[in-house]
Amino acid sequence: MVSEIASSSASILQGWESTMSTDLSGVMAITPTKNTGAFTSTNYDGVLVRFKNFSYPDHSIDYALVSSNGKTYLIFAGSREAMFATIDAFC
């Protein structure tokens, strides 16, 4: 999922992390009780990616804010590979 968003939304998103698993469970087909802990960060091509795995790394909530052409986009993906491919499409 990709959507334009206000560039100042990073702190709002991190505040949402405590309920994000439950809130997105129906949309992303995850089972919140199978989470492996708190959200973690990684950096890909200069973009901060926050993620939380559910059973396996290819079944996760990954999100990032990507700037492109003067706009900021919120990206949600269900795996690291999907997130990295989406970031690559912007860069």
What's the spacing between [X] [atom1] and [Y] [atom2] if we round to 0.5 Å?
X	Y	atom1	atom2	value
Tyr63	Ile5	OH	CD1	10.0 Å
Met20	Lys52	CE	NZ	9.5 Å
Trp16	Leu24	CH2	CG	4.0 Å
Leu74	Ser9	CG	OG	8.0 Å
Asn53	Ile61	CG	CD1	10.0 Å
Phe51	Met83	CZ	CE	11.0 Å

In one Ile/Leu/Val/Met/Phe/Trp/Tyr side-chain cluster, 4.5 Å: [X], [Y]:
X	Y	result
Val66	Met1	no
Phe84	Val47	yes
Phe39	Met28	yes
Ile75	Leu65	no

> Are Asp88 and Tyr44 close enough, and set up right, to give a side-chain contact (heavy atoms from CB on, under 4.5 Å), and what steps lead you there?
Replying inline: CA-CA 9 Å; Asp88 287 343; Tyr44 180 76; 2.9 Å; yes
>> Going by side-chain hydrogen bond (donor to acceptor under 3.5 Å, both in side chains), name the pairs with one or both residues in residues 65-76, residues two or more places apart or in two chains.
In response: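 Residue pairs with at least one partner in residues 65-76: there are none.
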> What pairs of residues pass the salt bridge (charged side-chain N to carboxylate O under 4.0 Å, His left out) test when at least one of them lies in residues 8-32, not counting sequence neighbours?
Replying inline: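 Only Glu17-Arg50 qualify under salt bridge (charged side-chain N to carboxylate O under 4.0 Å, His left out).
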> Applying salt bridge (charged side-chain N to carboxylate O under 4.0 Å, His left out), which residue pairs with at least one partner in residues 30-44 are found, sequence neighbours left out?
Replying inline: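 Counting only pairs at least two positions apart or across chains, no salt bridge (charged side-chain N to carboxylate O under 4.0 Å, His left out) contact touches residues 30-44.
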>> Under the rule for side chain to side chain donor-acceptor pair (under 3.5 Å), what residues qualify as partners of Thr86, not counting sequence neighbours?
In response: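 None.
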>> Can you list everything that forms a side-chain contact (heavy atoms from CB on, under 4.5 Å) with Ala82? Sequence neighbours excluded, please.
In response: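 Residues passing side-chain contact (heavy atoms from CB on, under 4.5 Å) with Ala82: Ala77, Ser79.
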> Which residues satisfy the side-chain contact (heavy atoms from CB on, under 4.5 Å) test with Ser25, sequence neighbours excluded?
Replying inline: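 For Ser25 the side-chain contact (heavy atoms from CB on, under 4.5 Å) partners, ignoring immediate neighbours, are Ile30, Pro32.
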> Do any N or O atoms from the side chain of His59 and from the backbone of Ala29 form a donor-acceptor pair under 3.5 angstrom?
Replying inline: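 Yes; at least one donor-acceptor contact below 3.5 Å.
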